[in-house]
Each structure stands twice: as structure tokens, then as C-alpha cells.
Peer 1: 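What follows is a structure written as C-alpha cells; I'll ask about it next.
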Amino acid sequence: QQQERQYVIGFSQCLDNDEWRRTMIREMERELSFHPNVSMITKSAGGNSTIQIAQIQELMDQKVDLLIVSPLEAQPPTPIIEKALDQGFPIVVVDRRTASQKYTAFVGAENLLVGQNAGIYANVLLNGQGTILEVGEGADTSPSLDRHRGFVEVLQKYPGLVLEESLIRDWTPQEYEEEIRNYLSQHRDIDLVFAQNDRMALQVFEICEELGLEKSIEIIGVDGLYGENEGLDLVDKGVLAATVLYPTGGEEAIEVAMDILNNRPYQKENLLFTTIVNGDNVRILKQQASKLIDQQANINRQSARLADLNETYSLQKNALYVTILL
Ligand code: FRU
């Protein structure tokens, strides 16, 4: 029987300290568990573009068969990604974009749509009239730029909606809390906050509670993860009026990587589904997510059993061999 070819994927992850990134890794590992001939080296840059560039170079030096990159910022890693492509490394860019189209494939949801969805739903919630604060992170990250652009584009269609302020920067948690608290205590008339992810949305809610504003301010987040105090749960509990689903693309990134490695046809742009999650559809999405997690637990159990069986089989085979030799 012919041995399957072994592959090594190098994954450059920009951050790893939040649940969204952990979910992305879990999805990748789940998909990789179907490909025992593929291993993955993951390097996380801890939110620093210089480190991320150095790590991409390290993965190239290790001569991985394919690179998956989730770039922290758009500009800084663009040259090294272009260089890697020129040197023949297939590159799958996931979630955030670089500043160029030079990559083998992209996997992720369209952040322009995420922002547009948030804008459309803000109009529904406010009935065409009200003041808005937007908060986001990472001024040079493509999701932040695109979510903002999509949001503003839609708001322009509704003259009664006024975006009072966009606070988009690289926050430390301390600064974030102080600045948002200051802003909201001085602008108690804000009707809605669009927070560019659910972590920030939850913090905004806690600040609103402190200021006694939780009843008068609607909050829209982004991500819609499953789990306690994650987006779906927060919408279900009524903490957030809505969130915009933003899938991590972990599973799809591995699928596309496998197509590329096996010389199968693949698409360059793999755009993932995004939608508004509100009280009407949150239950069904929660059920689906929980089913998927059960199925994964089953797959894990079965692959552990398979590994056990393989082990027993090879022990027996060796024992048989020894017996024959004797
Ligand atoms: C996680 C995260 C998500 C967000 C995504 C955008 O690190 O901030 O909350 O949707 O990255 O790249």
C-alpha cells in the first residue's frame, strides 16, 4: 500500500488570547484530525506585527509545505507574504486581509458586510432616529477598517441616525474602560453602541450598568461565538440587542489548504457567511453550535478509540512476529 505523503502546514496567528482565536485553532485541529498525514506548526505573534513577520520568516526557513496567515495589521506583513509567494510557498490568508491581492487563497467573512449588517440593524432598533457611538480595535486592521466603512456607508442612507463618535484604537483594557466610561458619562443621550466585537460589547454593557444606562442604550456586537458570556449567549440573555456572526474560518482554511496541497481545484476567494443574530434566530444558532460541539466530542472519542485499536494491533503484530522468530 502506498504511504500517504506527509505535509507540514505553518500557521502564523496574530494573537491567541481571546476565545475567537481559540475557537479558530480548535476548528483547525478538528479538521486536521481527518488528515493524519498533515501536521501544523503554529506560531502566535501576541499582537505584534514585527514578531509576526519574523515568525513567518521562521516558518519559511523551516520549509513548511504551505503557510496559513492571519495577519495582525494589513500593511506590515504584506512584503513578506509577497516574498513567500514568490519563493513558491502557497499562502492561505485567513480572517484579516493584507494590503495586497498576492496570496494563493483567502478565507474569511466580508467585513464590509459585517459593518453594513450592523448599520441596517441599528436603523431597525432605533426606528430611523438616534445617536450612535462606535468602538473598535486596531486602527490598521482590515476588519476594523472594513466594519467601520460598511457601517458608515449604511448610516448615510438614514439621515435620522447620527454617528456621534468612532473610538477605534489599540486599547489597553484599562484605557478602554476609562475612555468609554468617560465618553458615555458625558454623552448620556447615546442611543446605541456598535462595538466591533462581542468582548468590547460586553465591557460596554458593564459600563452602561455602572452608569445606569443599560436600559436606554442598545448594543450591537460582532462575532457571535457559542459559550457562556459569548455573543450568542449575550444576545439570548438580552445583554446585547444583536451581534453580527463572524465565523473564524478555521475549518475552511484547512479545507482549502488540503485542496491546494493535493493539487485539487480551489477558489481564490472563499467568503464565509455572516448574518445578524437577534432574539429571533439566536436559539436556533445556539442549538446548531451545541450540536457541532457534541459531534466533535464524538469524533474525538472515536479517534482516541481508533488510536487505541491501532496500538493494540501493532503490539499484537510485533508479538506474532517475535513468536514466529522464536
Ligand atoms: C479576535 C478578533 C475577533 C474579531 C477578529 C477580527 O482576535 O478580534 O473578535 O472579529 O479578531 O480579526
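Counting starts at 1 for both ligands and their atoms, in listed order. This chain uses plain numbering: 1 for the first residue, then up along the sequence.
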Peer 1: Within the distance-only criterion (no hydrogens, no angle test), does the side chain of N270 pair as donor or acceptor with the backbone N or O of F106 below 3.5 angstrom?
Peer 2: yes
Peer 1: With a cut-off of 4.0 Å, which atoms of ligand 1 are near a heavy atom of E137?
Peer 2: 8 (O)
Peer 1: Output the list of atoms in ligand 1 that are nearer than 4.0 Å to some heavy atom of D18, sorted by atom number.
Peer 2: 1 (C), 7 (O)
Peer 1: Using a 6.0 Å distance limit plus a 45 degree cone around the ring axis, check whether R147 lies over the aromatic ring of Y246.
Peer 2: yes
Peer 1: Counting distance only, does the side-chain N/O of W171 pair as donor-acceptor with the main-chain N or O of G136 below 3.5 Å?
Peer 2: yes
Peer 1: Report yes or no: does R22 have a heavy atom closer than 4.0 Å to ligand 1?
Peer 2: no
Peer 1: Can Q52 and K43 be counted as having a side-chain donor-acceptor contact under 3.5 angstrom?
Peer 2: no
Peer 1: Please write down residue, atom name and distance for the protein heavy atom closest to atom 5 (C) of ligand 1.
Peer 2: R21 NH2, 3.7 Å
Peer 1: Please identify which atoms of ligand 1 are closer than 4.0 Å to at least one heavy atom of R147.
Peer 2: 4 (C), 6 (C), 10 (O)
Peer 1: Got a second to check how far E252's CD is from L271's CG, nearest 0.5 Å?
Peer 2: 11.5 Å
Peer 1: Would one find an N or O of D223, backbone or side chain, under 3.5 Å from an N or O of ligand 1?
Peer 2: yes
Peer 1: Against ligand 1, does V222 come closer than 4.0 Å with any heavy atom?
Peer 2: no
Peer 1: Please list, in number order, the atoms of ligand 1 under 4.0 Å from a heavy atom of L15.
Peer 2: 7 (O)
Peer 1: May I ask you to list the atoms of ligand 1 that are less than 4.0 angstrom from any heavy atom of P143?
Peer 2: 6 (C), 12 (O)
Peer 1: Is K268 positioned over the aromatic face of Y103, cation under 6.0 angstrom from the ring centre and no more than 45 degrees off axis?
Peer 2: yes
Peer 1: State the atoms of ligand 1, each with its element, that fall below the 4.0 Å cut-off from a heavy-atom position in R96.
Peer 2: 6 (C), 8 (O), 11 (O), 12 (O)
Peer 1: How close do A122 and I220 get, counting heavy atoms only, and between which atoms?
Peer 2: N-CD1, 3.8 Å
